[in-house]
Amino acid sequence: MKIDGQHYRTIWQKPGEPEVIQIIDQRNLPHELVIEDLRQLEDFAKAIKEMHVRGAPLIGSTAAYGMYSALLHGPDDKRRLPKYIRESAALLKDTRPTAVNLAYAVDRVLAAIEAADSREAKAELALQAAHDITEESVDHCARIGKHGLPLIREISERKGGAPVNILTHCNAGWMACIDHGTATAPIYRAHDAGIPVHVWVDETRPRNQGARITAYELLQHGVPHTVITDNAGGHLMQHGMVDLVIVGSDRTTRRGDVANKIGTYLKALAANANGVPFYVALPSSTLDFSLHDGVAEIPIEERSADEVRYIRGMRNGKIYEVLLTPVDSPAVNYGFDVTPAELVTGLITERGICDANEDAISAQFPEFSRQKPA
Ligand code: MRU
């Protein structure tokens with residue numbers, strides 16, 4: 001996608017210095033576009049943990065390139081190498097617990113490098129695996145766009161061409177992926193096809209990925225949108241101002257329970273109560289067939305309470321952080337919640353749209369259905 005007319009992805013090899021990986025440091029958006037160099041394993045782990053990069057598919061790709069970087073600088077001694085690889089993988093996997101794409105990507109690199117013996121040859125294979133994961137993500141997001149487009153077109157036709165109002169939560173846009181996004185892919189596709197759309201963007205406290213990043217993306221692409229407080233969605237739905245909800249996912253279980261950014265569940269409840277279709281867009285790298293009951297089994301990240309207590313923004317060209325709460329009030333910061341499958345109208349994946357239940361998901365991904373729950 002484009003920023004100020006220039007095409008970007010969210011992660012790439014540095015031109016002229018291919019052993020360095022570059023990312024957009026998303027903590028500074030929308031006010032500053034900062035490109036960061038990642039040079040060694042610890043840089044990758046920090047970038048994921050401290051959310052310079054975020055979003056399930058993007059943290060997967062970043063971790064895969066992190067394994068490549070680890071191998072570039074690892075020991076040549078074949079007795080020490082296996083332990084070093086195990087520890088590097090564990091460091092990356094431990095950065096964030098909820099999005100399964102992270103573990104998926106690290107495990108895929110681990111499987112790929114088994115074919116080689118030397119550190120150098122393993123590094124080559126790790127780089128290829130990271131590229132494959134990244135290119136696959138772009139392709140899957142593009143396909144999600146193609147499969148989601150008819151949903152928007154149908155509503156547009158029903159409304160006689162009046163704008164289709166779509167509500168989204170957090171940032172499941174191209175900044176959360178490599179390109180296109182998951183929830184945003186059908187929206188970009190519809191907009192590019194000339195279908196009038198308007199997006200309600202939940203601000204998504206505490207880190208405001210909606211207000212900061214989704215709004216930025218949509219603005220850059222010229223998609224009409226309005227930022228709303230996280231509490232506004234139910235009111236808008238009651239008044240017929242939302243035609244469709246599309247959100248992303250960080251982990252979806254074999255029966256279709258969806259972990260996504262905290263607050264998604266409340267939107268699903270409101271959509272259900274008001275007869276608004278609620279779709280979840282996700283690539284298959286977000287499916288976790290080892291889990292069944294999402295509420296009981298998906299690990300929910302708990303982040304620093306200071307993300308709730310403070311808020312960050314720009315004033316007179318400078319970025320400040322200010323305290324919102326009484327100094328002594330405790331706060332708690334759950335990063336995600338789980339929307340039970342019954343509240344999900346359908347899943348939009350790279351293979352099409354399916355119901356959120358085990359039979360439908362297994363029919364779409366028969367290769368996963370052979371995996372047994374843990
Ligand atoms: O905490 P984040 O920003 O990494 O959260 C992940 C997300 O961006 C969302 O939950 C998103 O909807 C799923 S990722 C496409």
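Given the structure is predicted, the values throughout are model-derived calculations rather than measurements. Counting starts at 1 for both ligands and their atoms, in listed order. We number each residue from 1, following the sequence as shown.
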Using a strict threshold of under 4.0 Å (side-chain N to carboxylate O), is an ion pair present between K49 and E42? no

With sequence neighbours left out, write down each residue that passes ring-ring contact (aromatic ring centres under 6.0 Å, His included) with H131, or none if nothing qualifies. Y65

Taking all non-hydrogen atoms of both residues into account, name the closest pair between A64 and A105 and its distance. CB-CB, 4.4 Å

Run the salt-bridge test on K2 and D4 with the 4.0 Å N-O cut-off and return the result as yes or no. no

Applying salt bridge (Lys or Arg N to Asp or Glu O under 4.0 Å) as the test, list every pair that has at least one member in residues 110-120; sequence neighbours left out. D76-R119, K78-D117

Using the side chain to side chain donor-acceptor pair (under 3.5 Å) rule, collect all pairs that involve residues 241-252, keeping only residues at least two apart or in two chains. K159-D243, S249-T252, R251-D288

Let me know which protein residues bring a heavy atom to under 4.0 Å of ligand 1; chain then number is fine for ordering. M51, R54, G55, A56, P57, R96, C170, N171, A172, A176, T182, Q209, G248, S249, D250, N260, K261, F336

